[in-house]
Protein chains: 2
Amino acid sequence: MRASDLAYQSLRSDIMEGTLSPGSVIVEVEQSERLGVSRTPIREAISRLLSDGLAEPAPGRGVIVAPISLENVYSLFELRVSLDCTAAALAAGRGDATRFMRLAERFKQAAAILAAGQGNIAEYYALVDELDTAIDAAAANRYLYQVQLTLRTQLTRIRKLSKTNPVRLAQAADEHAQIARCIASQDAQLAEAATRLHLANALFAIEEAAASQEQHGLFEVAAHP
Amino acid sequence: MRASDLAYQSLRSDIMEGTLSPGSVIVEVEQSERLGVSRTPIREAISRLLSDGLAEPAPGRGVIVAPISLENVYSLFELRVSLDCTAAALAAGRGDATRFMRLAERFKQAAAILAAGQGNIAEYYALVDELDTAIDAAAANRYLYQVQLTLRTQLTRIRKLSKTNPVRLAQAADEHAQIARCIASQDAQLAEAATRLHLANALFAIEEAAASQEQHGLFEVAAHP
DNA sequence: CCCTGAAATTTTGTATACAAATTATTGCTT
DNA sequence: AAGCAATAATTTGTATACAAAATTTCAGGG
């Protein structure tokens with residue numbers, strides 16, 4: 001594997017995990033020594049992070065890890081609604097119905113398990129990924145797909161800011177089942193409606209979680225000094 | 001100015017102008033000597049072109065200038081409809097009405113001039129840019145804006161593939177006036193409808209132009225040997 | 001004549017040295 | 001003590017040398 005790929009993946013996961021905290025500057029030599037490669041591949045990795053939106057040029061201070069805050073969540077969701085609805089509508093027109101029916105079934109099962117309070121969260125998110133992948137494939141639009149990828153990394157970062165309510169998770173599983181079913185029905189407008197509804201609920205849940213965390217004083221997004 | 005910025009702008013415009021033809025490989029040393037800088041800034045410029053979608057990694061052959069073809073136009077427009085409609089709707093909800101009214105007036109004038117067959121095309125496109133900029137500003141969504149920028153560079157490249165019919169241009173100016181008016185009216189759904197209509201017409205015009213050019217044997221997208 | 005394979009050449013990937021720019025620090029002056 | 005200036009120290013930007021990978025070319029055998 002190329003050193004620049006290694007550096008990219010390493011830095012990327014460090015940012016995602018929070019090892020590199022938002023707002024902290026990424027110093028080339030520091031990372032170069034830490035990862036055991038020269039500055040050249042580090043620079044290439046950083047430029048990829050910039051285009052991912054995981055790093056930002058800071059005026060005079062080089063590049064910093066892109067800050068996250070719930071203030072962005074509305075902008076992010078405006079874009080997300082647009083793209084996810086389009087993707088769902090396209091998938092409804094082009095997708096393989098049986099594949100989405102099967103996914104709908106699995107989401108229904110997942111919803112039941114989560115409602116019983118014994119769900120594995122990671123497993124559930126993996127299922128969501130499967131649905132996303134199926135939709136991407138069915139939508140068959142490489143430009144749309146490209147944008148979705150970068151949007152999702154932003155959403156993943158945001159998601160970690162507020163702990164998701166387990167009750168909400170079961171509800172979300174139901175909504176995903178609904179989306180899959182609507183796509184399987186090949187009705188583009190219906191698929192779009194289900195998606196729009198789901199995203200509205202998701203945003204509302206985020207707002208609620210944030211409010212409750214703020215209340216308990218748990219809402220802190222530290223940037224390194 | 002940094003050498004990498006110079007290299008980026010130079011390569012970018014070379015690709016846009018067609019000096020570097022689609023499909024041709026971008027050889028680092030070659031460009032390095034041509035532009036009088038070392039390979040390092042060239043590599044950085046190339047990585048920016050990659051994230052712009054103006055260059056593509058080619059398996060084993062390094063990177064090539066991204067090919068263009070009208071086959072992409074449908075995928076591109078699917079995304080464009082989604083984004084432009086969202087932007088128009090947001091702008092209707094947030095924008096300064098008088099600013100869009102003024103733009104609508106100018107488009108009406110432009111339409112009259114173009115219909116009379118004495119319009120300056122570059123001037124017209126500049127006006128379109130102004131509208132786009134106004135919408136971007138009013139939509140006030142940095143994530144959406146970012147995607148629009150890269151989408152528009154793709155559309156600009158595609159546009160050059162088929163000569164636009166002057167009659168269509170006057171019609172398009174009317175449609176832009178309509179869009180501006182709808183945004184000024186602060187009716188999000190209406191703004192979206194006007195945008196959707198315009199894009200449907202634009203796509204149709206592209207198809208027609210392509211068909212007529214193909215007929216006349218003018219439809220050639222050469223890749224260098 | 002084509003296919004296989006090995007050498008040669010070209011091209012990309014990485015390391016490092018040096019230059020330029022920017023920030024931090026220190027000392028001086030008011 | 002505060003502000004400014006000059007200098008020192010970090011940090012990024014660029015060039016270049018070297019290493020590795022891959023493609024092409026050429027030669028030999030089937």
Side-chain angles (χ1 to χ4, degrees), chain A residues 1-15 18-67 146 222-225, chain B residues 1-15 18-67 146 222-225:
Chain A
M1 181 187 276
R2 296 186 303 188
S4 63
D5 291 339
L6 182 119
Y8 171 67
Q9 289 179 14
S10 183
L11 286 173
R12 183 185 168 99
S13 69
D14 284 345
I15 292 175
T19 309
L20 287 174
S21 55
S24 62
V25 304
I26 304 178
V27 180
E28 293 177 7
V29 286
E30 185 183 324
Q31 299 303 326
S32 158
E33 286 167 6
R34 187 170 72 92
L35 300 177
V37 298
S38 81
R39 277 178 58 215
T40 309
I42 295 285
R43 285 176 69 89
E44 182 159 335
I46 288 176
S47 94
R48 280 205 255 172
L49 295 172
L50 286 170
S51 84
D52 286 346
L54 290 175
E56 283 180 8
R61 220 179 323 171
V63 315
I64 61 174
V65 177
Q146 201 56 44
H224 266 182
Chain B
M1 183 188 275
R2 295 185 305 187
S4 63
D5 291 339
L6 182 119
Y8 171 67
Q9 289 179 13
S10 182
L11 286 173
R12 185 187 166 96
S13 69
D14 284 344
I15 292 175
T19 310
L20 287 173
S21 55
S24 62
V25 305
I26 304 178
V27 180
E28 293 176 6
V29 286
E30 184 183 324
Q31 299 303 325
S32 157
E33 286 166 6
R34 186 170 73 92
L35 301 176
V37 298
S38 81
R39 275 179 59 215
T40 309
I42 294 286
R43 285 176 70 90
E44 181 159 336
I46 288 175
S47 96
R48 279 206 254 172
L49 294 172
L50 285 170
S51 84
D52 285 346
L54 289 176
E56 283 180 8
R61 221 179 323 171
V63 317
I64 61 174
V65 177
Q146 202 56 44
H224 267 183

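Hydrogens, waters and symmetry mates are skipped; everything else that's a heavy atom, side chains included, is used. The sequence lines fix the lettering, A, B, ..., with proteins before strands; numbering per chain opens at 1.
Phosphate proximity of C:dA15 to A:Ser38: present, with a side-chain N or O under 4.0 Å from OP1 or OP2.
Shown here for B:Ala7 and B:Ile42, the closest heavy-atom pair between the two residues is CB-CD1, 4.1 Å. Contact detail for B:Ser51 and A:Ser51: the closest heavy-atom pair is CB-CB, 3.6 Å.
Going from atom CG of A:Leu50 over to atom OG of B:Ser47 covers 8.5 Å, rounded to the nearest 0.5 Å. Taking OG of A:Ser4 as the reference point, atom CZ of B:Arg43 lies at 7.5 Å (rounded to 0.5 Å). Note that the CG atom of A:Leu35 and the CD atom of A:Glu30 stand 10.0 Å from one another [nearest 0.5 Å].
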Hey, mind stepping through A:Leu11 and A:Leu54 against side chain to side chain contact (heavy atoms under 4.5 Å, CB included) and telling me if it holds?
-> CA-CA 10 Å; A:Leu11 286 173; A:Leu54 290 175; over 6 Å; no
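Near DNA chain D, meaning a heavy atom under 4.0 Å from it, residues 45-58 of chain A has no residue at all.
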For nucleotides 8-13 of chain C, tabulate all protein N/O to nucleotide N/O atom pairs closer than 3.5 Å, reporting atom names and distance.
residue : atom : partner : partner atom : Å
C:dT12  : OP2  : B:Glu28 : N            : 3.4
C:dG13  : OP1  : A:Arg2  : NH1          : 2.4
C:dG13  : OP2  : B:Arg43 : NH1          : 3.2
C:dG13  : OP2  : B:Arg43 : NH2          : 3.2
C:dG13  : N7   : B:Arg39 : NH2          : 2.9
C:dG13  : O6   : B:Arg39 : NH1          : 2.9

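Salt-bridge check for A:Arg12 with A:Asp5: failed, with every basic side-chain N at 4.0 Å or more from each acidic carboxylate O.
Under 3.5 Å, the side chains of A:Arg34 and A:Gln31 contain a donor-acceptor pair of N or O atoms.
Atom pair A:Met1:CE and D:dA21:C1' shows a separation of 16 Å (rounding to whole Å applied). Following rounding to the nearest Å, A:Asp5 (CG) and C:dT14 (C1') show an atom-to-atom distance of 13 Å.
Residue A:Gly36 is the one, among A:Gly60 and A:Gly36, whose nearest nucleotide of DNA chain C lies closer to the 5' end (criterion: closest heavy atom).
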